[in-house]
Amino acid sequence: ATTGVPYPITVSFAGDMLFQASRATATLTITKADTKIGVANVAGKIGETKFLTATLRRKFDNAPIAGIALSFKLDAHAEGSAVTDGTGKASFAYFIDGTRAPGLHTITAEFFNDANYNAASANGSLVINQAPTKTSASAVSGKRGKVVVLKAKLIRNTDKMGLVGKPLHFMIDGTEVGVGETDNTGLASLNYTIPMDATVGGHPIKVVYDGETNYIGSSDDSKTLTVK
């Protein structure tokens with residue numbers, strides 16, 4: 001049946017020994033059903049993929065509605081769409097790439113109506129958390145008076161991606177000797193001249209990333225500079 005189209009209804013009584021025949025007519029007009037959406041709250045770290053999930057139901061009997069595309073927005077910005085399954089649920093995979101700061105963000109799921117159902121929308125929340133990081137230093141060796149290259153790599157733990165443009169602080173024997181910035185692979189390098197009065201043997205290297213808005217700091221003090 002098509003909504004909005006009047007369908008004639010006729011009821012007839014043929015009559016009997018007691019009553020005369022009669023007939024009545026009316027129309028049936030099917031209207032679109034109201035709908036409702038429920039949006040699940042979710043939390044995730046930068047570098048993770050999380051599903052934005054919403055369920056579409058008919059209002060009057062709470063029945064799930066399958067095969068309907070729901071549009072998802074985050075902070076009023078369109079992210080994509082997904083189709084409801086047999087339970088009325090639609091899930092859109094969202095990668096938390098770090099363009100949105102940690103904190104509370106609004107998920108909006110929308111259904112724009114069709115021939116049978118009226119539009120609906122609802123909000124939920126996505127809480128974005130800082131990503132943990134890992135700093136990995138490299139061991140190095142050299143003679144007094146020579147230049148060696150101190151190296152360390154910085155990644156975020158969630159997806160193992162190297163972080164670009166981050167300052168790493170290099171320390172030898174507990175004293176900072178310089179700062180290197182990570183390249184597009186997450187690797188930072190610093191040229192270091194071994195002092196002429198450095199003692200022969202091992203000197204602890206420590207590399208520190210202080211962290212920032214999107215990322216938790218990390219450090220590594222497991223490597224050494226070996227002076228020959």
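What you see is a predicted model; the values in this text were computed from it and never measured.
Environment of NZ in K89: sparse, with no more than 12 heavy atoms of neighbouring residues, nucleotides or ligands closer than 6.0 Å. More than 12 heavy-atom neighbours from other residues, nucleotides or ligands sit within 6.0 angstrom of NZ on K32.
Partners of D159 according to the salt bridge (Lys or Arg N to Asp or Glu O under 4.0 Å) rule, which considers only residues two or more places apart in sequence or in another chain, are R156. Applying the side chain to side chain donor-acceptor pair (under 3.5 Å) rule to K134 yields no partners; only residues at least two apart in sequence or on another chain are considered. Remark: T27 engages P6 in a side chain to side chain contact (heavy atoms under 4.5 Å, CB included) (not counting sequence neighbours). Remark: K153 engages I155, L187 in a side chain to side chain contact (heavy atoms under 4.5 Å, CB included) (not counting sequence neighbours).
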Checklist entry - Passes side chain to side chain contact (heavy atoms under 4.5 Å, CB included), L70 versus T84? Steps please. => result CA-CA 7 Å; L70 299 185; T84 56; 3.9 Å; yes
Next on the checklist: If you apply the rule side chain to side chain contact (heavy atoms under 4.5 Å, CB included), what do you find for N123 with I107, and how did you get there?
Outcome noted: CA-CA 5 Å; N123 293 332; I107 303 167; over 6 Å; no
Item to check | Worked check of side chain to side chain contact (heavy atoms under 4.5 Å, CB included) between S141 and K228 | outcome: CA-CA 7 Å; S141 62; K228 298 177 180 180; 3.6 Å; yes
Item to check | Stepwise side chain to side chain contact (heavy atoms under 4.5 Å, CB included) test for Y215 and L163 | outcome: CA-CA 10 Å; Y215 300 110; L163 298 179; 3.7 Å; yes
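Scanning all heavy atoms of the two residues, the minimum distance from A66 to G86 falls at CB-CA, 4.0 Å. Counting all heavy atoms, side chain and backbone alike, S91 lies closest to T53 at OG-OG1, 3.1 Å. Contact detail for P64 and G88: the closest heavy-atom pair is CB-N, 3.7 Å. When every heavy atom of E110 is checked against every heavy atom of S121, the shortest pair comes out as CG-CB, 3.8 Å. When all heavy atoms of K45 and P132 are compared, the closest pair comes out as CD-CD, 3.7 Å. Shown here for F92 and A82, the closest heavy-atom pair between the two residues is N-CB, 4.3 Å.
Listed by first and then second residue, the salt bridge (Lys or Arg N to Asp or Glu O under 4.0 Å) pairs that reach into residues 92-105 are D75-R100, E79-R100, sequence neighbours excluded.
Annotation: the span from S219 atom OG to M171 atom CE amounts to 8.5 Å, rounded to 0.5 Å. One finds the CG atom of N191 at 10.5 Å from the CZ atom of F170 (value rounded to the nearest 0.5 Å). Here the CD1 atom belonging to I128 is positioned 5.0 Å from the CD1 atom belonging to I96, to the nearest 0.5 angstrom. Interatomic distance, F111 CZ to I68 CD1, rounded to the nearest 0.5 Å: 4.5 Å. Taking CD1 from I46 and CG from N157, the interatomic distance works out to 13.0 Å, rounded to the nearest 0.5 Å. Atoms CD and CG, on E48 and N129 in that order, are 8.5 Å from each other to the nearest 0.5 Å.
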Please list every donor-acceptor pair under 3.5 Å in which a side-chain atom of residues 192-205 meets a protein atom from a residue at least two apart or in another chain.
residue: T199; atom: OG1; partner: H203; partner atom: NE2; Å: 3.3
residue: H203; atom: ND1; partner: D173; partner atom: OD1; Å: 3.4
residue: H203; atom: ND1; partner: D173; partner atom: OD2; Å: 2.7
residue: H203; atom: NE2; partner: T199; partner atom: O; Å: 2.7

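Side chain of Q20 to main chain of A14: no donor-acceptor pair is present (N/O by atom type, distance under 3.5 Å, no hydrogens or angles).
Side-chain atoms of T106 and L126, non-hydrogen and from C-beta on, never get closer than 4.5 Å to each other. The shortest distance between side-chain heavy atoms of P167 and E181 does not fall below 4.5 Å.
Residues S125 and N41 have side chains that bring a donor and an acceptor to within less than 3.5 angstrom of each other. Judged purely by distance below 3.5 Å, without hydrogens or angles, the side chains of D34 and N118 pair a donor atom with an acceptor atom. Side-chain polar atoms of T25 and T10 form no donor-acceptor pair below 3.5 angstrom. T133 and S218 are linked by a side-chain donor-acceptor pair at a separation below 3.5 angstrom, with hydrogens and angles left out of the test.
No salt bridge links K206 with E176; every basic N to acidic carboxylate O contact stays at or beyond 4.0 Å.
For the side chain to side chain contact (heavy atoms under 4.5 Å, CB included) with K36, the qualifying choice from N62, T55, L56, I65 is N62, the only one to do so.
A continuous path of Ile, Leu, Val, Met, Phe, Trp and Tyr side chains, each step under 4.5 Å between heavy atoms, connects I37 with V42, placing both in one hydrophobic cluster. Following chains of ILVMFWY side-chain contacts shorter than 4.5 Å, one can reach L150 starting from V227, so the two form part of one hydrophobic cluster. Linking Ile, Leu, Val, Met, Phe, Trp and Tyr whenever their side-chain heavy atoms come within less than 4.5 Å leaves I216 and V207 in two separate clusters. Taking hydrophobic clusters as Ile, Leu, Val, Met, Phe, Trp and Tyr residues chained together by side-chain heavy-atom distances below 4.5 Å, V148 shares a cluster with L168.
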